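Source: prediction; values computed, not measured.
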Amino acid sequence: MGFAEQRFNVNLSILFTELPLLERPAAAAAAGFTAVELWWPWVDSPTPEQSELDALKEAIEDAGVQLTGLNFYAGQLPGPDRGALSVPGEESERFRANIDVAAGFAASLGCKALNALYGNRVEGTDPAEQDALALENLVLAARAADRIGAILLIEALNRPESPLYPLVSAPAAIEVVDKVNAATGLGNAKFLMDLYHLSMNGEDLPSVIEQYTAKTGHVQIADNPGRGAPGTGSLPLEQLLDQLKKAGYDGWVGLEYKPGASPSAEAFGWLPAAARAAR
């Protein structure tokens with residue numbers, strides 16, 4: 001099958017970041033893509049002014065691209081934070097304040113996937129307390145996603161780059177997915193399978209795909225080592241995506257990689273231009 005048979009979107013929080021946020025959707029469109037995803041763009045504000053939300057919505061619509069994935073507020077990302085929902089106190093409250101804002105923005109653009117990063121362990125805080133808070137907040141997020149017909153994504157990161165993040169394996173993330181679905185009865189919590197993060201953890205990627213495709217709601221890729229474009233490292237990404245497709249995954253594949261020293265527009269040489277528009 002190969003790369004040409006996949007549905008790709010571009011993550012505008014790691015690619016095209018040499019441009020202002022409002023120029024990135026048009027840049028992705030100019031590179032031939034018709035779908036994009038975003039981390040929460042306002043790292044200092046879970047509840048930005050409506051004018052800021054409207055400006056980004058207009059930029060996405062004017063570019064003619066579809067927003068297919070959006071993170072809830074996750075703190076300083078990129079930066080020291082890896083989410084807010086399990087962090088007691090102000091960060092948890094900021095996450096809760098963001099839930100309806102993020103869901104409303106997603107709904108306004110027909111976005112059907114919302115990613116909730118779990119958050120780092122906090123020194124001096126009981127992990128069980130954090131996990132209980134996380135479940136409370138994830139249940140709220142899952143219900144908000146359900147109201148707009150969306151899924152809630154739960155992602156495993158990697159221990160070398162996120163040593164304080166507790167979900168650093170596919171089974172750890174799947175366990176949380178199952179707990180959220182059991183608590184809500186909605187069944188809309190899904191696994192975000194990031195092949196780069198899982199490879200950094202040393203996981204057996206074909207085995208992960210075999211075991212967890214049915215519970216996967218989104219896939220993201222970058223090569224390893226380096227978190228660059230496919231072909232810059234040693235991961236057999238083409239074969240892994242083929243395996244996912246054969247296993248029944250027909251969703252989006254997010255391009256969440258670093259463009260390197262060149263402009264982002266030059267970081268897609270591995271993918272023929274004719275294969276960039278979603279089918």
Visitor: Applying salt bridge (Lys or Arg N to Asp or Glu O under 4.0 Å), name anything that partners Glu256, two or more places apart in sequence or on another chain.
Guide: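 Arg227.
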
Visitor: Of all the heavy-atom pairs spanning Ala27 and Phe16, show the shortest one and how long it is.
Guide: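 Closest heavy-atom pair between Ala27 and Phe16: CB-CD2, 3.6 Å.
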
Visitor: Determine yes or no for a side-chain-to-main-chain donor-acceptor pair under 3.5 angstrom, with Asn98 supplying the side chain and Pro46 the backbone.
Guide: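 Flag set: sc Asn98 to bb Pro46 pair under 3.5 Å.
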
Visitor: Any side-chain donor paired with an acceptor under 3.5 Å for Gln243 and Glu210?
Guide: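 Not at all, the side chains of Gln243 and Glu210 share no donor-acceptor pair under 3.5 Å.
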
Visitor: Do Glu161 and Asn158 pair up side chain to side chain, a donor and an acceptor below 3.5 Å, judged on atom types alone?
Guide: yes

Visitor: Do Arg147 and Asp100 meet the salt-bridge criterion of a basic N to acidic O distance under 4.0 Å?
Guide: yes

Visitor: Please report the interatomic distance CD1(Ile221) to CD(Glu238), rounded to the nearest 0.5 Å.
Guide: 10.0 Å

Visitor: Show the nearest heavy-atom pair for residues Leu186 and Ala142, with the distance to one decimal.
Guide: CD1-O, 3.9 Å

Visitor: Taking atom CD1 of Ile99 and atom CG of Leu140, what is their separation to the nearest 0.5 Å?
Guide: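 The CG atom of Leu140 is 5.0 Å from CD1 of Ile99, to the nearest 0.5 Å.
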
Visitor: Do Arg7 side-chain atoms and Val253 backbone N/O form a donor-acceptor pair below 3.5 Å?
Guide: no

Visitor: Determine whether a donor-acceptor pair (N or O, by modelled atom type, separation under 3.5 Å) exists between the side chain of Gln220 and the backbone of Leu192.
Guide: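 Side chain of Gln220 to backbone of Leu192: no pair is present.
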
Visitor: Tell me, which pairs form a ring-ring contact (aromatic ring centres under 6.0 Å, His included) where one or both residues lie in residues 90-132, sequence neighbours left out?
Guide: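 Listed by first then second residue: Phe72-Phe95.
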
Visitor: Among all residues two or more places apart in sequence or in another chain, which pass the ring pair (Phe, Tyr, Trp, His ring centres under 6.0 Å) test with Tyr73?
Guide: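 Result, ring pair (Phe, Tyr, Trp, His ring centres under 6.0 Å) vs Tyr73: none returned.
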
Visitor: Sequence neighbours excluded, which residues qualify as side-chain hydrogen bond (donor to acceptor under 3.5 Å, both in side chains) partners of Glu136?
Guide: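 In terms of side-chain hydrogen bond (donor to acceptor under 3.5 Å, both in side chains), with neighbours along the sequence ignored, Glu136 is linked to Arg96.
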
Visitor: If only atom types and distance count, is the side chain of Ser162 paired as donor or acceptor with the main-chain N or O of Arg159 below 3.5 Å?
Guide: no

Visitor: Would the distance check show the side chain of Asp126 and the main-chain N or O of Ala128 forming a donor-acceptor pair, the cut-off being under 3.5 Å?
Guide: yes

Visitor: Please list, chain by chain and in numerical order, all residues satisfying side-chain hydrogen bond (donor to acceptor under 3.5 Å, both in side chains) with Lys215, sequence neighbours excluded.
Guide: Asp178

Visitor: Are any of the side-chain nitrogens in Arg121 or Asp131 under 4.0 Å away from the carboxylate oxygens of its partner?
Guide: yes

Visitor: Can you tell me how far apart OG (Ser86) and CG (Asn120) are? Round to the nearest 0.5 Å.
Guide: 7.5 Å

Visitor: Please list, chain by chain and in numerical order, all residues satisfying salt bridge (Lys or Arg N to Asp or Glu O under 4.0 Å) with Lys179, sequence neighbours excluded.
Guide: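 Applying salt bridge (Lys or Arg N to Asp or Glu O under 4.0 Å) to Lys179 gives Glu175.
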
Visitor: State whether a side-chain donor-acceptor pair under 3.5 Å links Asn201 with Ser169.
Guide: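 Their side chains do not contain a donor-acceptor pair, so the 3.5 Å distance test is not met.
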
Visitor: Do you see a donor-acceptor pair shorter than 3.5 Å between the side chains of Asn115 and Asn71?
Guide: yes

Visitor: Sort and list the pairs that fulfil salt bridge (Lys or Arg N to Asp or Glu O under 4.0 Å) and have at least one residue in residues 9-21, not counting sequence neighbours.
Guide: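 Sorted pair list comes back empty.
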
Visitor: Could you tell me whether the side chain of Trp40 and the main chain of Ser45 form a donor-acceptor pair under 3.5 Å?
Guide: yes

Visitor: When you measure from the side chain of Asp81 to the backbone N and O of Gly75, does any donor-acceptor pair fall under 3.5 Å?
Guide: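 No, the answer is negative, given that no donor and acceptor are paired below the 3.5 Å cut-off.
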
Visitor: Less than 3.5 Å apart, any donor N or O on the side chain of Gln211 or Ser207 sitting next to an acceptor on the other?
Guide: yes

Visitor: With sequence neighbours excluded, tell me which residues meet ring pair (Phe, Tyr, Trp, His ring centres under 6.0 Å) with Phe8.
Guide: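 Phe8 satisfies ring pair (Phe, Tyr, Trp, His ring centres under 6.0 Å) with Trp270 only.
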
Visitor: Show every donor-acceptor pair shorter than 3.5 Å between a side-chain atom in residues 61-68 and any protein atom, with sequence neighbours excluded, or say none if there are none.
Guide:
| residue | atom | partner | partner atom | Å |
| --- | --- | --- | --- | --- |
| Glu61 | OE1 | Lys57 | NZ | 3.4 |
| Glu61 | OE2 | Lys57 | NZ | 2.7 |
| Gln66 | NE2 | Leu109 | O | 2.9 |
| Gln66 | NE2 | Gly110 | O | 3.3 |
| Thr68 | OG1 | Asn9 | ND2 | 2.7 |
| Thr68 | OG1 | Val36 | O | 3.2 |

Visitor: I'd like to know if the side chain of Thr17 and the backbone of Ser13 have a donor-acceptor N/O pair within less than 3.5 Å.
Guide: no

Visitor: Among Leu164, Leu157, Leu117, find the residue that satisfies the side chain to side chain contact (heavy atoms under 4.5 Å, CB included) test when tested with Arg82.
Guide: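 Passing option: Leu157.
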
Visitor: Is any side-chain heavy atom of Leu241 less than 4.5 Å from a side-chain heavy atom of Leu195?
Guide: yes

Visitor: Looking only at heavy atoms, which two atoms of Tyr249 and Gly217 are closest? And how far apart?
Guide: OH-O, 3.9 Å

Visitor: With sequence neighbours left out, write down each residue that passes side-chain hydrogen bond (donor to acceptor under 3.5 Å, both in side chains) with Glu52, or none if nothing qualifies.
Guide: Trp42

Visitor: Looking at side-chain heavy atoms only, is the closest gap between Met193 and Leu244 below 4.5 Å?
Guide: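 Yes; the side chains approach each other to less than 4.5 Å.
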
Visitor: For Ser92, give me all partners under side-chain hydrogen bond (donor to acceptor under 3.5 Å, both in side chains), at least two apart in sequence or on another chain.
Guide: Asn137

Visitor: Of all residues at least two apart in sequence or in a different chain, which pass the ring pair (Phe, Tyr, Trp, His ring centres under 6.0 Å) check with Phe33?
Guide: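 For Phe33, the residues satisfying ring pair (Phe, Tyr, Trp, His ring centres under 6.0 Å) (neighbours in sequence not counted) are Phe268.
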
Visitor: Is any side-chain heavy atom of Asp146 closer than 4.5 Å to a side-chain heavy atom of Leu152?
Guide: no

Visitor: Work out which heavy atom in Leu153 is nearest to a heavy atom in His218; give both atom names and the distance.
Guide: CD1-CB, 3.7 Å

